[in-house]
Amino acid sequence: MRGWLWLIFLALAARPAAAQSLLPAGGFAGWQPVPGSALLKATLEQLDPADAALLRACHEQTGERVSYQRDGAALTVTVYWMGDPSYAYSAYSFLRPAPATDFRPTPHATVGAERAMFLVGNLLVDVGGQDLPADGAALSALAAALKPHASDEPYPTLWQYVPTDRLIAHTDRYALDPQTLAWALEEAGARTAPAGGASQWPAGDWLGFDDSVEAEVARYDLRGREVTLVLASYPTQQLAAEHLNRMAQWPGFTPQPGAGPGPARLAVFSQRYGSFVGLVAGAADAAEARGLLGQIHYQTEVTWNAPGFELKDLTMPQYVVGIILGTISIIVITLVAGVALGMVRIATKRYLPGLVFDRHHSMEILQLGLSSKPIDFRDFYGL
């Protein structure tokens with residue numbers, strides 16, 4: 001019985017979001033919860049039926065919604081507890097609203113006129129209200145109240161390597177599985193791929209998510225035409241090369257666009273940078289694709305976190321003084337050890353005679369026979 005109770009306790013401790021409310025029950029920055037408005041442990045269909053599939057794909061575990069009021073104004077806050085910050089960022093990249101201000105309560109945040117969305121660790125926070133850019137202090141207070149409940153694991157950094165020149169604002173999407181990648185390509189495919197759009201991409205896990213790949217999809221405006229960039233990051237350079245070789249077997253992989261009879265096929269241009277693989281679809285030619293791929297900010301750094309030290313050559317006086325001090329130290333240690341050993345030996349012979357030292361039954365003495373008296377070892381110790 002005790003074992004079952006212990007397992008139940010561990011299960012409850014592992015899910016703090018499900019056991020208690022994440023949103024501050026006492027309000028924040030003057031906003032007070034509306035009595036009876038809390039919707040805890042709600043299903044995705046209750047919270048956000050339109051985006052339930054996306055949130056479920058991003059490992060949404062639980063969610064809650066609370067309405068707040070202040071001076072006659074209303075504010076609705078929805079919090080989604082995601083699997084980890086990476087999945088939270090993936091959902092955020094798809095759902096963030098159009099920004100109306102540069103203010104950000106957290107590093108990953110978008111504040112619109114009537115909707116704000118930001119990340120606090122693995123928590124995806126969706127705020128609905130009026131004139132949100134003017135209430136930045138309240139959003140910051142809300143983020144601070146949620147921070148103790150959130151994970152402190154790092155966010156993905158792949159977006160930092162995506163080129164920013166001619167990037168269509170807020171079109172970059174972060175994908176950690178084939179489904180979210182397919183949605184990102186479907187979102188961009190109608191404008192970037194010829195004759196059929198995103199259906200021209202291979203089906204299934206063609207990028208290699210089983211090998212822990214992460215991908216960033218972004219759209220660019222090149223000469224009035226939208227182009228799609230897929231940047232994939234693999235754990236090792238060997239995996240990147242292996243998957244790129246498999247992609248090379250696609251029909252239409254890096255062809256000359258418009259070459260040959262028959263229906264148009266997806267033209268994909270690629271380039272590998274160590275463990276990164278860049279794919280461009282919708283470019284007019286290879287030169288245009290290379291121009292975009294060449295802007296990928298890939299660099300390799302070797303870091304050494306071990307504590308360092310500075311080696312300095314000693315002068316001759318320092319060598320001499322060091323030798324003298326070292327010699328004196330050795331002499332002092334030797335004298336102290338010798339005196340201590342002698343005192344121990346004398347005390348032992350005094351209080352334990354014949355038991356530790358000078359045991360006559362185990363001692364032998366060599367005799368030269370220079371006198372007629374036999375040598376008795378006990379004469380030396382007064383036994």
Side-chain angles (χ1 to χ4, degrees), residues 54 57-58 86 89-94 156-194 196-222 225-237 239-255 257 265-286 288-298:
L54 173 63
C58 294
S86 295
Y89 178 78
S90 179
Y92 166 77
S93 69
F94 280 87
T157 59
L158 186 59
W159 62 273
Q160 300 177 359
Y161 299 91
V162 172
T164 57
D165 186 27
R166 298 185 180 276
L167 172 67
I168 301 176
H170 308 291
T171 62
D172 53 302
R173 305 287 184 260
Y174 180 71
L176 285 170
D177 56 75
Q179 183 61 71
T180 51
L181 176 63
W183 285 331
L185 294 176
E186 181 180 359
E187 183 181 28
R191 308 185 218 359
T192 59
S199 62
Q200 296 287 334
W201 291 94
D205 185 12
W206 56 269
L207 198 59
F209 288 100
D210 288 340
D211 288 326
S212 301
V213 66
E214 53 180 336
E216 194 84 17
V217 180
R219 305 205 312 261
Y220 293 83
D221 184 2
L222 302 182
R225 183 184 60 263
E226 289 192 12
V227 175
T228 298
L229 170 68
V230 178
L231 179 60
S233 175
Y234 292 87
T236 64
Q237 299 185 21
L239 283 174
E242 177 183 346
H243 283 281
L244 183 58
N245 290 334
R246 292 179 182 176
M247 297 175 201
Q249 306 303 317
W250 297 350
F253 190 84
T254 61
R265 295 180 299 181
L266 177 65
V268 178
F269 301 90
S270 65
Q271 187 169 343
R272 184 170 72 88
Y273 311 82
S275 60
F276 283 7
V277 171
L279 305 173
V280 171
D285 49 39
E288 186 177 72
R290 282 195 299 268
L292 180 58
L293 291 170
Q295 299 179 44
I296 295 177
H297 311 298
Y298 176 82

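- With hydrogens and angles ignored, the 3.5 Å screen pairs no side-chain donor or acceptor of Tyr174 with any backbone N or O of Glu214.
- Between Thr164 and Gln295 there is no side-chain heavy-atom pair separated by less than 4.5 Å.
- Here the shortest heavy-atom pairing between Ala281 and Val227 reads O-CG1, 3.3 Å.
- Between Val162 and Glu216 the shortest heavy-atom distance is CG2-CG, 3.6 Å.
- A 4.5 Å side-chain heavy-atom check between Leu158 and Tyr89 finds every atom pair outside the cut-off.
- Between Leu244 atom CG and Ser270 atom OG the span is 4.5 Å, to the nearest 0.5 Å.
- Cys58 and Thr180 get closest at one heavy-atom pair: SG-CG2, 4.4 Å.
- Between Ala240 and Gly274, the shortest heavy-atom distance links the atoms CB-O, 3.7 Å.
- Residue Arg272 holds its CZ atom at 12.5 Å from NE2 of His243, rounded to the nearest 0.5 Å.
- Counting only heavy atoms from C-beta outward, the side chains of Leu229 and Pro163 approach each other to under 4.5 Å.
- For residues 158-178, the pairs satisfying salt bridge (charged side-chain N to carboxylate O under 4.0 Å, His left out) are Arg96-Asp172, Arg173-Glu187, with sequence neighbours left out.
- Tyr161 and Phe276 have perpendicular rings, their planes meeting at more than 60° on a 0 to 90° scale where under 30° would count as parallel.
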Checklist entry - Where do Leu181 and Val217 land on the side chain to side chain contact (heavy atoms under 4.5 Å, CB included) test, with the steps shown first? => result CA-CA 8 Å; Leu181 176 63; Val217 180; 3.6 Å; yes

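- For the pair Leu279 and Trp206, the tightest heavy-atom approach, listed with the atom from each and the gap, is CD1-CZ3, 3.7 Å.
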Item to check | Test log, rule side chain to side chain contact (heavy atoms under 4.5 Å, CB included), inputs Ser233 and Val213 | outcome: CA-CA 6 Å; Ser233 175; Val213 66; 5.6 Å; no

Checklist entry - Run the side chain to side chain contact (heavy atoms under 4.5 Å, CB included) check on Thr171 and Tyr220 step by step: do they pass? => result CA-CA 9 Å; Thr171 62; Tyr220 293 83; over 6 Å; no

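- Proximity of Leu292 to Phe269: side-chain heavy atoms (C-beta onward) are nowhere separated by under 4.5 Å.
- Rounding to the nearest 0.5 Å gives a distance of 12.5 Å between NE2 of His170 and CZ of Arg219.
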Next on the checklist: Assess the residue pair Leu176 and Ser86 against the criterion (side chain to side chain contact (heavy atoms under 4.5 Å, CB included)); give the C-alpha distance rounded to whole Å, side-chain angles, the decisive distance to 0.1 Å, and a yes or no.
Outcome noted: CA-CA 8 Å; Leu176 285 170; Ser86 295; 3.7 Å; yes

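- Under the 4.5 Å side-chain criterion, counting only non-hydrogen atoms from C-beta, Ile168 is in contact with Glu226.
- A heavy-atom distance below 4.5 Å is not found between the side chains of Pro178 and Leu207.
- Taking both residues in full, the closest heavy atoms of Leu54 and Ala91 are given as CD2-O, 4.5 Å, listed atom of the first, atom of the second, then distance.
- Two residues are said to be in side-chain contact when any heavy atoms from C-beta on lie closer than 4.5 Å; Arg225 and Glu288 meet this criterion.
- The shortest distance between side-chain heavy atoms of Leu231 and Val277 does not fall below 4.5 Å.
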